[in-house]
Protein chains: 2
Amino acid sequence: MPATIYDVAKKAGVSIATVSRVLNKKDNVSEETKQRVMDAIEELNYVPNMIASALMTKKMSTLSLLIPDVINPFFSEIARGVEDAANNYNYNVIVCNTDYDLKKEAVYLNLLKQKSVDGFIVASAIYNDKNVYDLIKQDYPLVLLGREIDGIEKNTRTDVIVSNDICGGYQATKHLIELGHRKIDLILGPKEIKVNRDREKGYRKALRDHGIAVDKNRIHNGRFKIEFGCSKALEILRKKEQPTAIFAGNDIIAIGVLRAAKSLGYDVPGDLSVVGYDNTILAEIADPPLTTINQQMYKMGYMAAEMLIKRLKGDKKPAQRVIFETKLVVRKSTAKPR
Amino acid sequence: MPATIYDVAKKAGVSIATVSRVLNKKDNVSEETKQRVMDAIEELNYVPNMIASALMTKKMSTLSLLIPDVINPFFSEIARGVEDAANNYNYNVIVCNTDYDLKKEAVYLNLLKQKSVDGFIVASAIYNDKNVYDLIKQDYPLVLLGREIDGIEKNTRTDVIVSNDICGGYQATKHLIELGHRKIDLILGPKEIKVNRDREKGYRKALRDHGIAVDKNRIHNGRFKIEFGCSKALEILRKKEQPTAIFAGNDIIAIGVLRAAKSLGYDVPGDLSVVGYDNTILAEIADPPLTTINQQMYKMGYMAAEMLIKRLKGDKKPAQRVIFETKLVVRKSTAKPR
DNA sequence: CTTTGCTGTGTAACCGCTTACAAATTGATA
DNA sequence: TATCAATTTGTAAGCGGTTACACAGCAAAG
């Protein structure tokens with residue numbers, strides 16, 4: 001049985017209120033009493049029970065982070081950023097993998113509410129996520145990461161952190177166009193995820209700006225999986241209207257594209273240019289190293305946690321919307337078309 | 001203000017004890033009362049407060065996982081396994097990144113104890129970790145993952161899950177020897193991490209078994225970082241007694257070695273064979289794809305969480321020690337020496 | 001010497017549940 | 001109809017802290 005505040009009080013010869021005071025560095029406790037309490041704490045190896053205190057204060061110093069999948073380096077970097085920021089403020093973070101599954105997300109949220117986590121960071125980015133609307137409606141402290149939510153202008157507490165994906169899509173496409181590519185296929189993740197729509201917008205705008213007609217048949221949606229990137233690329237490369245470049249919705253899909261190209265004996269970038277998105281470690285390591293769009297995952301995660309914690313500590317400023325800029329990172333997977 | 005059990009009781013016209021009973025599916029509550037309570041819960045949108053209940057029951061249905069770094073794919077796969085298993089039993093998991101830093105680990109553990117997490121999974125694998133000994137001494141529910149701890153035979157609750165790293169080291173080295181290599185350098189992570197000692201043991205045994213003298217100068221310890229792998233490999237490859245193969249302590253180091261080789265204009269595997277360890281996604285994607293030793297990260301994580309939860313639920317069987325077997329995965333980074 | 005205002009500490013209510021125990025209700029049995 | 005066991009429900013005491021409020025002790029002021 002671990003020692004309680006009563007044990008400490010008894011050993012120090014004071015009341016539990018006094019112990020609580022020194023524990024919380026509150027008001028006035030004489031140096032002498034404080035010392036006696038500290039000694040008792042030391043002797044008894046006392047660890048305060050945050051559960052009991054949370055019952056009164058409603059503060060557990062725990063955040064929850066909802067992401068689709070930690071294994072995806074994009075999200076593990078975000079998770080690391082969140083965790084580091086949280087740790088910095090003496091918070092912990094409960095990580096939940098939703099696999100882009102709204103039902104799973106709902107189950108998690110319900111459990112987390114029961115546990116009185118102080119706030120939520122939702123990075124699982126599904127379009128029109130009812131769960132998220134509910135959280136906002138019920139006024140839970142919340143930061144949305146990498147996802148917007150429409151029609152909540154009147155809301156004043158939910159901060160949003162996003163990347164400028166339209167710009168990212170534009171940068172990638174422009175890079176390919178400037179290299180001389182005209183037939184550029186776009187292989188995206190699911191339509192339900194907002195970032196894919198934005199990246200597509202950027203792609204379309206870049207083509208338009210350079211007087212290239214947008215061909216709907218060159219735009220493909222699917223999943224953020226190597227296998228999808230590979231099979232879709234195989235399909236595309238076998239058609240008559242072969243592209244000279246493929247812009248993938250993220251690095252994982254791009255890896256799949258590289259694999260497909262390799263299996264068909266294509267040289268990248270000689271026969272086919274490939275651009276990824278995210279600039280995860282995968283892009284750096286891929287063969288050839290991927291030209292990709294950099295996102296600041298770690299910073300976004302860090303900032304999300306920081307903003308959330310500041311709000312929990314009473315920050316009343318109106319909801320922020322922070323946009324992180326993207327950057328083109330040129331490596332070896334893009335070149336002029338033959 | 002969220003509804004409490006009192007609100008529900010009042011609305012349903014029963015006592016809070018009865019509400020608690022239907023909530024916990026306890027003993028005898030007549031169908032009729034139960035229905036009334038359920039309706040009240042529904043109407044009030046009541047969410048039970050687990051903090052309050054935990055104060056009595058001491059169960060928060062929360063596990064904590066200590067790993068060095070989620071960004072390392074080896075650990076993110078473990079984390080995913082842990083989380084999936086936990087979720088399966090309606091538990092959540094708090095993930096903490098220790099960066100192999102004992103002080104950080106201690107701070108985390110202290111905070112987690114305050115939060116009354118139900119149990120710990122420690123995968124941060126530092127040799128002779130005082131924190132871990134303390135946990136065991138204080139009889140906290142604990143599973144050790146990927147790390148052993150000496151001198152706790154009498155302990156009956158702490159399960160241990162490890163990979164057979166001696167075997168893994170042996171397999172990797174044997175593979176190189178059988179290809180004809182005789183000068184094989186070993187670039188490991190820190191000595192303080194047990195797995196490195198085991199992998200070295202396997203390496204030594206393989207050499208001995210094949211009548212090759214072990215040259216201490218060929219064994220190097222450092223960090224599990226690309227940069228370390230790269231700089232150490234550069235150093236090695238510039239010496240006169242150049243190896244024809246390098247066995248790296250994990251895939252990350254191996255990636256660094258590949259980078260070094262590339263920067264010196266070496267062909268892998270033509271001029272130099274490289275073997276990694278772990279078989280993370282990085283090995284698959286590397287250029288050339290890495291020959292490596294497979295570890296079952298996801299399964300180990302899953303099992304760790306499952307064993308821990310079973311113990312929390314009252315399983316009294318003596319402490320288990322589960323050993324996962326490794327497997328050589330041959331890809332394109334190894335070949336006969338010139 | 002009484003009053004005033006600090007400072008330092010103790011008392012007890014409360015946070016929202018669980019649960020041992022008591023009490024009330026029901027139906028069957030004597 | 002009275003008795004008893006079984007079933008259903010209520011009462012109240014915690015769980016381990018926080019905190020409003022009361023109060024004691026003491027120095028300075030009147």
Side-chain angles (χ1 to χ4, degrees), chain A residues 1-41 44-62 90 110-118, chain B residues 1-41 44-62 90 110-118:
Chain A
M1 256 332 96
T4 73
I5 198 171
Y6 289 93
D7 303 320
V8 176
K10 190 184 292 177
K11 168 146 285 186
V14 299
S15 74
I16 59 165
T18 301
V19 178
S20 176
R21 283 186 192 109
V22 350
L23 245 33
N24 299 299
K25 312 188 196 318
K26 274 272 180 66
D27 12 66
N28 343 308
V29 182
S30 72
E31 267 312 314
E32 191 204 318
T33 322
K34 189 187 290 181
Q35 197 51 57
R36 259 189 302 144
V37 172
M38 305 274 266
D39 290 348
I41 288 176
L44 293 172
N45 229 306
Y46 169 70
V47 178
N49 181 335
M50 195 176 278
I51 299 291
S53 103
L55 194 51
M56 278 254 55
T57 62
K58 317 236 165 278
K59 294 183 205 317
M60 270 298 278
S61 302
T62 304
N90 268 293
N110 187 48
L111 198 52
L112 293 166
K113 285 177 188 172
Q114 294 186 33
K115 293 191 181 177
S116 309
V117 299
D118 304 47
Chain B
M1 256 332 97
T4 73
I5 199 171
Y6 288 95
D7 304 320
V8 175
K10 189 184 292 176
K11 169 145 286 189
V14 298
S15 75
I16 59 165
T18 301
V19 177
S20 175
R21 283 185 192 109
V22 349
L23 245 32
N24 298 298
K25 311 185 197 317
K26 275 270 180 69
D27 13 65
N28 342 305
V29 182
S30 71
E31 268 311 314
E32 191 205 317
T33 322
K34 187 186 291 181
Q35 197 51 56
R36 257 189 304 146
V37 171
M38 305 275 266
D39 291 348
I41 289 175
L44 294 172
N45 228 308
Y46 169 71
V47 178
N49 181 335
M50 196 178 277
I51 299 291
S53 105
L55 194 50
M56 279 253 57
T57 62
K58 315 231 165 282
K59 293 184 205 316
M60 270 296 279
S61 302
T62 304
N90 267 293
N110 187 48
L111 196 53
L112 293 166
K113 284 177 188 172
Q114 294 186 32
K115 293 191 182 178
S116 308
V117 299
D118 305 43

Please find the pair of heavy atoms, one from A:P48 and one from A:L23, that lie closest to each other, and give the distance.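 Shortest heavy-atom separation between A:P48 and A:L23 comes out as CB-CD2, 4.3 Å.
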
Name all residues meeting the side-chain contact (heavy atoms from CB on, under 4.5 Å) criterion together with [X]; count only those two or more places apart in sequence or in a different chain, and write none if there are none.
X     : result
A:K34 : A:V22, A:V29, A:E31, A:M38
A:I16 : A:I5, A:Y6, A:A9
A:M56 : none
B:E32 : B:S30, B:R36

Residues in side chain to side chain donor-acceptor pair (under 3.5 Å) with [X], at least two apart?
X      : value
A:S61  : none
A:K115 : B:T62, B:N92
B:Q35  : B:D39
B:N24  : B:S20

Have a look at the helix from C:dC1-D:dG30 to C:dA30-D:dT1 and give the angle its two end axes make, five pairs each, rounded to 10 degrees.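 Both end axes considered, the difference amounts to 70°.
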
Can you list every salt bridge (Lys or Arg N to Asp or Glu O under 4.0 Å) pair that touches residues 5-19 of chain A, not counting sequence neighbours?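 The answer is A:K11-A:E43.
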
Per-nucleotide protein contact string for nucleotides 15-28 of chain D (B base, S sugar-phosphate only, - none; heavy atom under 4.0 Å): BBBBBB--------

Tell me, which of residues 30-38 of chain A have any heavy atom that sits under 4.0 Å from an atom in DNA chain D?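 Output list: empty, so none.
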
